[in-house]
Amino acid sequence: MHFVGNLDKSIYRCITEDITTNAVVITDERIQHIEDHHPGEYEEIEQYLPMAISAPDYILKDRANTGLILKSFDMDGKHVQVVLRLHTSTDKPEYKNSIISAWRISTNRLESYLRNKQILYKRQQS
């Protein structure tokens with residue numbers, strides 16, 4: 001298990017009010033999952049994951065207690081998408097908030113998500 005960073009509960013309450021921890025982790029199994037489905041992606045985006053979690057640009061609705069986190073970085077027009085499962089009081093106590101998957105997406109894909117998915121959170125522009 002690898003510690004990725006801490007999330008701001010006030011931001012992520014748009015997914016659920018029942019968040020038990022700030023810690024976000026990713027397991028070796030999930031890293032392998034990313035590599036299996038998106039070869040080479042984890043190495044490319046690993047350094048961006050803490051910022052995507054701590055300061056997301058958008059959070060989109062997904063399954064229960066799970067959100068699609070979108071963050072733009074200067075990566076040749078690419079953006080990072082993170083599937084984040086939040087730990088709630090009904091989960092096993094030893095679990096943490098967990099990255100389920102993550103990969104880069106194009107600007108066109110980002111715009112499609114913003115048009116077609118429910119936006120739960122949008123970062124205020126400074």
Side-chain angles (χ1 to χ4, degrees):
M1 189 173 332
H2 307 274
F3 177 75
V4 176
N6 288 307
L7 57 77
D8 180 342
K9 286 183 183 179
S10 67
I11 292 173
Y12 286 87
R13 283 198 177 103
C14 63
I15 299 171
T16 180
E17 290 285 329
D18 184 17
I19 304 171
T20 60
T21 180
N22 292 351
V24 176
V25 299
I26 188 167
T27 63
D28 290 334
E29 186 273 332
R30 291 285 91 196
I31 292 170
Q32 188 59 53
H33 167 85
I34 294 168
E35 282 300 309
D36 289 347
H37 290 85
H38 310 280
E41 283 294 290
Y42 189 75
E43 290 176 7
E44 295 290 325
I45 64 169
E46 179 181 15
Q47 66 181 327
Y48 299 104
L49 293 177
M51 180 61 79
I53 295 299
S54 66
D57 292 336
Y58 296 94
I59 300 174
L60 307 179
K61 185 170 178 57
D62 197 44
R63 290 176 235 115
N65 303 324
T66 305
L68 299 179
I69 314 309
L70 302 176
K71 181 73 178 174
S72 296
F73 295 98
D74 185 19
M75 296 187 306
D76 299 323
K78 296 286 183 178
H79 314 273
V80 173
Q81 173 179 318
V82 179
V83 181
L84 180 67
R85 169 63 162 83
L86 297 175
H87 184 272
T88 67
S89 61
T90 61
D91 295 322
K92 292 182 180 179
E94 64 271 19
Y95 289 1
K96 302 282 184 249
N97 300 311
S98 299
I99 293 176
I100 303 302
S101 194
W103 60 93
R104 291 179 296 175
I105 59 171
S106 67
T107 299
N108 286 343
R109 174 64 57 129
L110 172 74
E111 291 169 354
S112 173
Y113 282 162
L114 297 178
R115 278 192 313 273
N116 298 310
K117 294 193 176 284
Q118 182 181 353
I119 300 171
L120 301 175
Y121 169 85
K122 179 179 178 185
R123 181 176 59 87
Q124 298 297 319
Q125 303 296 324
S126 18

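Only this structure's heavy atoms are used, side chains among them; waters, hydrogens and symmetry mates stay out.
Separation of atoms OG1 (Thr107) and NZ (Lys78) is listed at 8.0 Å; rounding is to 0.5 Å. Between Tyr58 atom OH and Cys14 atom SG the span is 13.5 Å, to the nearest 0.5 Å. Distance check, rounded to the nearest 0.5 Å: CD1 of Ile99 to CG of Leu49 gives 4.5 Å. Between atom CD1 of residue Ile15 and atom OG1 of residue Thr66 there is a gap of 7.5 Å, rounded to the nearest 0.5 Å. To the nearest 0.5 Å, atoms CE (Met51) and CG (Asp57) are separated by 10.0 Å. For the atom pair Glu111 CD and His79 NE2, the distance stands at 7.5 Å (nearest 0.5 Å).
Between the side chain of Glu35 and the backbone N or O of Tyr42, at least one donor-acceptor pair lies under 3.5 Å. Without hydrogens or angle criteria, His87 side chain to Glu94 main chain gives no donor-acceptor distance under 3.5 Å. With Asp18 contributing its side chain and Ser89 its backbone, the two residues share a donor-acceptor pair below 3.5 Å. A donor-acceptor pair is defined here as one N or O able to donate and one able to accept, closer than 3.5 Å; no such pair exists between the side chain of Gln81 and the backbone of Leu68. A distance-only check finds no donor-acceptor pair linking the side chain of Asn22 to the backbone of Asn6 [under 3.5 Å].
Contact check for Pro56 versus Lys71: no side-chain heavy atoms found under the 4.5 Å cut-off. Residues Lys96 and Val24 are not in side-chain contact: their nearest non-hydrogen atoms beyond the backbone lie 4.5 Å or more apart. Looking at heavy atoms from C-beta onward, Asp91 lies out of side-chain contact with Thr20 at the 4.5 angstrom threshold. At least one side-chain heavy atom of Leu70 sits under 4.5 Å from a side-chain heavy atom of Ile105. Under the 4.5 Å side-chain criterion, counting only non-hydrogen atoms from C-beta, Asn97 is not in contact with Tyr12. The shortest side-chain heavy-atom distance between Trp103 and His37 does not fall under the 4.5 Å cut-off. In this structure, Asp36 and Gln32 have side chains that are in contact, with non-hydrogen atoms separated by less than 4.5 Å.
Here the closest heavy-atom approach between residue Glu17 and residue Arg13 is recorded as OE1-CD, 3.3 Å. The minimum heavy-atom distance between Val82 and Ala52, with the atom names listed, is CG2-CB, 4.2 Å. The minimum heavy-atom distance linking Ile59 with Gly67 is given by the pair CG2-CA, 4.5 Å. Nearest heavy atoms, Thr27 versus His2: C-CD2, 4.5 Å.
Side-chain atoms of Ser106 and Asn108 include no donor-acceptor pair closer than 3.5 Å.
Residues Leu110 and Ile53 do not share a hydrophobic cluster, clusters being chains of Ile/Leu/Val/Met/Phe/Trp/Tyr side chains in contact below 4.5 Å. Residues Val4 and Ile19 are members of one and the same hydrophobic cluster, defined by side-chain heavy-atom contacts under 4.5 angstrom among Ile, Leu, Val, Met, Phe, Trp and Tyr. In the hydrophobic cluster analysis, where Ile, Leu, Val, Met, Phe, Trp and Tyr join through side-chain heavy atoms closer than 4.5 angstrom, Val83 is grouped together with Leu60. Under the 4.5 Å side-chain heavy-atom criterion for Ile, Leu, Val, Met, Phe, Trp and Tyr, Ile69 and Phe73 are members of the same hydrophobic cluster. There is no path of hydrophobic side-chain contacts, each under 4.5 Å, that joins Ile26 to Ile100.
Atom NZ of Lys61 has 12 or fewer heavy atoms from other residues, nucleotides or ligands within 6.0 Å. The 12-atom threshold is exceeded at CZ of Phe3, counting heavy atoms of other residues, nucleotides or ligands nearer than 6.0 Å.
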